[in-house]
Peer 1: 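What follows is a single structure, and I will ask about it in a moment.
The figures here come from the full heavy-atom set of this structure, side chains too, leaving out hydrogens, waters and symmetry mates. Chain letters run A, B, ... following the sequence lines, proteins first, then strands; residues in each count from 1.
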Amino acid sequence: MKAVLTRLLQEAVAEAREQGKLKIGKNVPIILEVPKRDGQGDFATTVALSLAKEEGRPPREIASTLVSMLQGRSPLIQKIEIAGPGYINFFLSKDYWYQTLLDICEKKEQYGRSAIGTGKRVQIEFVSANPTGPLHVAHGRAAALGDALARLLQAAGYQVDREYYINDVGNQMTLLGRSTYLRYRELFGEKVTLPDESYRGSYIIEIAEEIKKSAGDRYLTGAEEAHLPFFIRTSYQTILGWIARDLEQFGVQFDRWFPEEDLYREKEVDAALAFLKAEGVLYEQDGALWVATTRYGDDKDRVVMRSNRQMTYFASDVAYHRNKFERGYDRLIDIWGADHHGYIARVKAAVAAMGYSPDRLDILIHQLVNLLREGKPVAMSKRSGEFVTLREVMDEVGVDATRFFFLMRRSDTSLDFDLELAKKASTENPVYYVQYAHARLCSIIRVATERGWRVEEEIQKATAADLAVLDLPEEQALVKQLSLYPDLVQSAAEGLEPHRLTFYLQELAAMLHRYYFDHRVVTEDLPRTRARLVLMAAVQIVLKNALAILGVGAPERM
RNA sequence: GCGCCCGUAGCUCAAUGGAUAGAGCAGUAGCCUUCUAAGCUAUUGGUUGCAGGUUCAAUUCCUGCCGGGCGCACCA
């Protein structure tokens, strides 16, 4: 509807211009908003206000010119008013609301989808935790965010791929292998001292025990160097297996797991550096190789190859992003923890240096998660290796609640996650509150069916005339909220902000609960029952669609 | 010291540059012969950190302070 009004307004401006009633008006941005208060219409625009200065006329006068152009242009508009300093308020006709309901019931799971991303491929890379330990809660937030974003962009028409980048190269892998190796020796009664930088979590001992079980004392004799590759590989594969399993249970399916090692094996790092060299942004200094990222807005130039000939992580990051673009994606999204925000400038600079517009890469930063229990912080210490894992949280509070909680806040603010609250089955818990609204609707439809209503059939054959009995203000308010859903999906997709759906859902659920409490749907009044069933079905569809974007279930019973 | 993010009700947080800044929780007072009380109603609560600037209009954009988080390696 916004699109329709925008077009009408643009036409009105153009026409006024042709008729000499407006001087300017070329490419006027039309901003439509949904007024907060009753009596201010269903949509409003401020064009007249923004034109006032250039036009040199009072905004209300301009508004009146435009309104005269708009009169009678659309049967969906009931009336147009000029208000306040020069707002133009649109009041939509009842037909519009009835059509909306029929539209929702017809489109079902397609309702809310848009085409802004049609024909565009986007890749979202997220989680990408090092395979040196199980996923912890912050990774869970990244997983929920990335997956919801993927679903959101899919709903906006994009073709989306989810990718996990595996840092399987470098010193940390050696450290991981050594840690397991030392724990393995320890299992045979040897007294070992773990170097400071070792991985100390109990999961390392688990892996060592597995190796002991399957291989016995085979690795006790001989040099450590000879056994290290085995310990590295086994630890890495075991941990990656855990990560994959946890993510799958969390409802996240990656299209591709991309090992860093591939970039080296396929000589893509070399190729990327050769490209940069040809571009003249690669130089040698103090025995190291540098990329002149400062030319593209970075604070300082960055090393890609150290003087000891070792590549830095930045080198593979450069190659990786080049690889992504070469795979034909129109748009890339990286999701990183807040501790990596210092890398944004250099990666964007590298992308620019390779000839791709940095605007095609969005880097989303998510802040940390503070785990609470009844309002008190849950102690987490990474140093001792004792941190709360995603698995523990999932197992304790359930996948739906965990995902919803992670998505309740904008990603760049830190998140308080209260385990007890997330488990609570009450109105205090937003997840249950929203899911309950859905279950409640299912229940109404069940009851109607038991009383002989063929609900699906009624919905199919309903017409606008049948819906005219929906004349209560709260019924119109509900329909209005439903009608806003497609715009919400679109703007949330544009802003990469899935959290907006959680707010929308809570509002819609509140309206539904209130309506339920005040009015009965299934009554002796057959026409009214029929119309209300359509309304309830529409609410149910939207709740389900929005929950699906978040990756949260819509239970039929609770 | 430099850079990025955040400062909104007692708490946790919303608000594409627009009309009187909104929810939830906590607090107080109520509501079950009903299609699910895992629910609903009423009510309290604000100098949007401070000071300037841009704009017809600023929580939103710009500058400077104050406070919090994070990052500033030829680390991963």
Peer 1: State yes or no: are the ring centers of Tyr504(A) and Tyr485(A) separated by less than 6.0 Å?
Peer 2: yes

Peer 1: Using a heavy-atom cut-off of 4.0 Å across all strands, would you classify Phe503(A) as base, sugar-phosphate, or nothing?
Peer 2: sugar-phosphate

Peer 1: Less than 6.0 Å separating the ring centroids of Phe314(A) and Tyr343(A)?
Peer 2: no

Peer 1: Suppose you measure atom C1' in G67(B) against the same atom in A57(B); what distance do you get, rounded to whole Å?
Peer 2: 29 Å

Peer 1: Using a 4.0 Å heavy-atom cut-off across all strands, classify Arg557(A) as base, sugar-phosphate, or nothing.
Peer 2: base

Peer 1: Should the side chain of Tyr343(A) and the base of A76(B) be counted as holding a donor-acceptor pair, with the cut-off at 3.5 Å?
Peer 2: yes

Peer 1: From C74(B), C35(B), A19(B), pick the nucleotide closest to the side chain of Val522(A)?
Peer 2: C35(B)

Peer 1: Give me the distance, rounded to whole Å, that separates U34(B) from C25(B) when you measure between the P atoms they each carry.
Peer 2: 25 Å

Peer 1: Go through the side-chain N and O atoms of Tyr515(A) and Glu475(A) and say whether any donor and acceptor fall under 3.5 Å apart.
Peer 2: yes

Peer 1: Distance between the P atoms of A15(B) and G22(B), in whole angstroms?
Peer 2: 14 Å

Peer 1: So for Ser307(A) and C74(B), does any side-chain atom that can act as donor or acceptor lie under 3.5 Å from a complementary atom in the base?
Peer 2: yes

Peer 1: When the C1' atoms of U59(B) and C6(B) are compared, how many Å lie between them, rounded to an integer?
Peer 2: 13 Å

Peer 1: Does C35(B) have its OP1 or OP2 closer than 4.0 Å to a side-chain nitrogen or oxygen of Arg446(A)?
Peer 2: no

Peer 1: Tell me which nucleotide among A19(B), C35(B), A76(B) gets nearest to the side chain of Gln40(A).
Peer 2: A19(B)

Peer 1: Output the single nucleotide from A37(B), A14(B), C56(B) whose closest atom is nearest the side chain of His499(A).
Peer 2: A14(B)

Peer 1: Take atom C1' in C2(B) and the same atom in C11(B), then report the distance between them in whole Å.
Peer 2: 34 Å

Peer 1: Between Arg373(A) and Glu396(A), is the closest basic N to carboxylate O distance under 4.0 Å?
Peer 2: yes

Peer 1: Please determine, by modelled atom types, if Asn167(A) and Gln172(A) share a side-chain donor-acceptor pair under 3.5 angstrom.
Peer 2: no

Peer 1: Could you check whether Phe417(A) and Phe405(A) have their ring centres less than 6.0 Å apart?
Peer 2: yes

Peer 1: Within the 4.0 Å heavy-atom criterion, would you say Thr523(A) contacts the bases, only the backbone, or no part of the nucleic acid?
Peer 2: nothing

Peer 1: What's Ala439(A) touching, base or sugar-phosphate or nothing? Going by heavy atoms closer than 4.0 Å.
Peer 2: base

Peer 1: Can you give the dot-bracket line for RNA chain B, using ( ) for pairs inside the strand, [ ] for pairs that cross earlier ones, | for pairs with another strand and . for unpaired bases, where Watson-Crick and G-U count if both distances are under 3.5 Å?
Peer 2: (((((((..((((....[...)))).(((((.......))))).....(((((..]....))))))))))))....

Peer 1: Would you say the side chain of Val13(A) lies within less than 4.5 Å of the side chain of Leu22(A), judging by non-hydrogen atoms?
Peer 2: yes

Peer 1: Does Arg440(A) put a side-chain nitrogen or oxygen below 4.0 Å from OP1 or OP2 of A37(B)?
Peer 2: yes

Peer 1: Of the candidate nucleotides A19(B), C35(B), G18(B), which contains the atom at the shortest distance from the side chain of Asn89(A)?
Peer 2: A19(B)

Peer 1: Asp286(A) has a side chain; which of U12(B), G18(B), C74(B) sits nearest to it?
Peer 2: C74(B)

Peer 1: Describe the nucleic acid contact of Ala44(A) in one word from base, sugar-phosphate, nothing, applying a heavy-atom distance below 4.0 Å.
Peer 2: base

Peer 1: Are G18(B) and Tyr87(A) stacked, with the base six-membered ring and the side-chain ring centres under 5.5 Å apart and planes under 30°?
Peer 2: no

Peer 1: Check whether NZ of the Lys or CZ of the Arg Arg440(A) lies under 6.0 Å from the centre of the six-membered ring of Tyr436(A) and within 45 degrees of that ring's axis.
Peer 2: no

Peer 1: When you check the side-chain N and O atoms of Arg500(A) and Ser491(A), is any donor under 3.5 Å from an acceptor?
Peer 2: yes

Peer 1: Between C35(B), C40(B), A19(B), which nucleotide gets closest to the side-chain atoms of Val447(A)?
Peer 2: C35(B)

Peer 1: Ring centroids only, cut at 6.0 angstrom: are Phe258(A) and Tyr164(A) within range, meaning strictly under it?
Peer 2: no

Peer 1: Report yes if some heavy atom in the side chain of Leu512(A) is under 4.5 Å from a heavy atom in the side chain of Leu508(A); otherwise report no.
Peer 2: no

Peer 1: How long is the line joining CD of Gln435(A) and C1' of G39(B), in whole Å?
Peer 2: 15 Å

Peer 1: With P as the reference atom in both, quote the distance from U60(B) to C5(B) in angstrom, rounded to an integer.
Peer 2: 15 Å

Peer 1: Mind checking if Pro35(A) touches a base, just sugar-phosphate, or nothing, with heavy atoms under 4.0 Å?
Peer 2: base

Peer 1: Rounded to the Å, how far apart are Asn370(A) CG and G69(B) P?
Peer 2: 12 Å

Peer 1: Taking atom C1' in both C32(B) and G39(B), what distance in whole Å separates the two?
Peer 2: 10 Å

Peer 1: Within the pair Tyr515(A) and C40(B), is there a side-chain N or O less than 4.0 Å away from OP1 or OP2?
Peer 2: no

Peer 1: Answer with yes or no whether the side chains of Asp270(A) and Tyr264(A) bring together a donor and an acceptor at under 3.5 Å.
Peer 2: no

Peer 1: So Trp336(A) and His341(A), do their side chains get closer than 4.5 Å, heavy atoms only?
Peer 2: no

Peer 1: Roughly how far apart, to the nearest Å, are A9(B) and U48(B) at atom C1'?
Peer 2: 10 Å

Peer 1: Between Met408(A) and Tyr433(A), just flag the one whose closest nucleotide in RNA chain B comes earlier from the 5' side.
Peer 2: Met408(A)

Peer 1: Going 5' to 3' along nucleotides 42-49 of chain B, which nucleotides have protein heavy atoms under 4.0 Å from the base (write B), which only from the sugar-phosphate (write S), and which from neither (write -)?
Peer 2: --------

Peer 1: Contact class for Glu507(A) vs. all strands (heavy atom < 4.0 Å): base, sugar-phosphate, or nothing?
Peer 2: nothing

Peer 1: Whole-Å distance between A37(B) C1' and Leu512(A) CG?
Peer 2: 15 Å

Peer 1: The side chain of Val521(A) is closest to which nucleotide in this list: C56(B), C35(B), A19(B)?
Peer 2: C35(B)

Peer 1: Quick check on U12(B): is either OP1 or OP2 less than 4.0 Å from any side-chain nitrogen or oxygen of Arg409(A)?
Peer 2: no

Peer 1: Can we call the ring centroids of His366(A) and Phe406(A) under 6.0 Å apart?
Peer 2: no

Peer 1: Nearest nucleotide by nearest heavy atom, which residue falls closer to the 5' end of RNA chain B, Asn171(A) or Tyr516(A)?
Peer 2: Tyr516(A)

Peer 1: Counting only side-chain heavy atoms from C-beta out, which of C35(B), C13(B), G18(B) sits nearest to Thr46(A)?
Peer 2: G18(B)

Peer 1: May I ask you to check whether over 12 heavy atoms, not counting those of Asp196(A), lie within 6.0 Å of atom CG?
Peer 2: no

Peer 1: Do the side chains of Gln367(A) and Leu415(A) get nearer than 4.5 Å, heavy atoms only?
Peer 2: no

Peer 1: Tell me which nucleotide among C35(B), U16(B), U55(B) gets nearest to the side chain of Lys53(A).
Peer 2: U55(B)

Peer 1: Just checking Ile31(A): base, sugar-phosphate only, or nothing, at a heavy-atom cut-off of under 4.0 Å?
Peer 2: base

Peer 1: Quick check: any donor-acceptor pair below 3.5 Å linking the side-chain of Asp339(A) to the base of A76(B)?
Peer 2: no

Peer 1: What N/O pairs connect the protein and nucleotides 2-6 of chain B at under 3.5 Å? Give each pair on its own line.
Peer 2:
| unit_1 | atom_1 | unit_2 | atom_2 | d |
| --- | --- | --- | --- | --- |
| G3(B) | N2 | His341(A) | NE2 | 2.4 |
| C4(B) | O2 | His341(A) | NE2 | 3.3 |
| C5(B) | O2' | Asp412(A) | O | 3.3 |

Peer 1: As a test of reading the structure: which of C74(B), C35(B), C31(B) is closest to the side chain of Trp290(A), going by heavy atoms?
Peer 2: C74(B)

Peer 1: Identify whether any heavy atom of Arg520(A) sits under 4.0 Å from a base atom; if not, whether one sits that close to sugar-phosphate; answer base, sugar-phosphate or nothing.
Peer 2: base

Peer 1: Can you check the Leu51(A) CG to G18(B) P distance for me, whole Å?
Peer 2: 17 Å

